[in-house]
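What follows is one structure encoded as C-alpha cells, with my remarks underneath.
Ligands are counted one by one from 1 in listed order, and the atoms in each one are counted from 1 as well. Since we're looking at a predicted model, the values are computed, not measured.
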Amino acid sequence: MQFTYFGHSCFSVTVNGKKLLFDPFISGNELALAIDINCIEADYILLSHGHFDHVADAEVIAKRTGATIIANYEVAMWFAGKGIEKYHPMNSGGKWQFDFGTLKCVNAIHSSSLPDGAYGGTPLGFIIMNDEQNFYYAGDTALTLDMQLIPLFANIDFAVLPIGDNFTMGITDAVQAAKMVQTKLVIGVHYDTFGFIKTDHQKAMGLFKTNELELKLPAIGETIVL
Ligand code: NI
Ligand code: MN
C-alpha cells in the first residue's frame, strides 16, 4: 500500500485502486508550502473531526476531484451545506462496505467543532479493512482503553497515530496505543506543525525502538510503501 504524507495529520493511501485522503490541512500549514492542493487526487476524503487543522482544504479538494466526504453526521452535513453533493455520514461504532473495503468508525477521546463554531459531533478514529492490508487511523485522541477493542475488529498491519502531545497523546502514550492495537508499525502524525507540538524525532523513534516497535516519520511530500 502506498502512503503519502502531506504534513500534520494529512495523508493519502491507495486502496483497491481508490485514493483515500485523510484530514486535509495543507494550504494553512507553513511546513507544507511545497504541496500544491490542486495536484492532490482523491476518490474519498475521510475527516476524523471538525477542527480546522483536519478539514481546512476538504471543500476545495472535494469540489475539484468530486471525492466523497466521509465523516461523522454533523461534519458531513456541514459540508453538504457548503454544496458538497457526495458525502457519507457515519458515527461511532458504525461500519460500511465501500468499494475500497470496509470502514469502521471507532472512539477517539478529543473534541470536535467546525471552523465557524458549528457543533462538530463526536471525533472518530477509523479502521480500514480490505484484502490487501488493514490499518487504524486514530484521528486526534488521547490514549484510551477503547483501543483494546481494535484487535477484536481487525488484525492491524499498521497504525497512524498522533504523537505531538498537548492536543493529543504524545510519544509515551502512543507506544502504549501501539501495544493495545497490537501492531509493531506506527506512522506518526500531528506533530511539529505548531509550537505546542514540536517533537524530537530521534527521541520519539528511539522510544519506539526500545519497546521493539517501529515509528516511521515520513517527510512531507514523501511516499512510502507499507
Ligand atoms: Ni483536533
Ligand atoms: Mn488536530
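- Contact detail for S112 and G50: the closest heavy-atom pair is OG-N, 3.0 Å.
- The Mn ion (ligand 2) has an N, O or S atom of H54 closer than 2.8 Å.
- Side-chain N/O atoms of N72 and T122 include no donor and acceptor closer than 3.5 Å.
- Between H49 atom NE2 and H110 atom NE2, the angle centred on the Ni ion (ligand 1) amounts to 100° (nearest 10°).
- The distance from the Mn ion (ligand 2) to the nearest N/O/S atom of H190 is under 2.8 Å.
- With no hydrogens or angles considered, a side-chain donor-acceptor pair links D192 and H201 at under 3.5 Å.
- A donor-acceptor contact closer than 3.5 angstrom is absent between the side chains of T193 and N29.
- Atom OD2 is the N/O/S atom of D140 found closest to the Mn ion (ligand 2).
- At least one cation-pi condition fails for K18 and F100: the charged atom is not both under 6.0 angstrom from the six-membered ring centre and inside a 45 degree cone around its axis.
- Draw a line from the Ni ion (ligand 1) to OD2 of D140 and another to ND1 of H51, and the angle between them is 180° (to 10°).
- Between the Mn ion (ligand 2) and the N, O or S atoms of D53, the shortest distance is to OD2.
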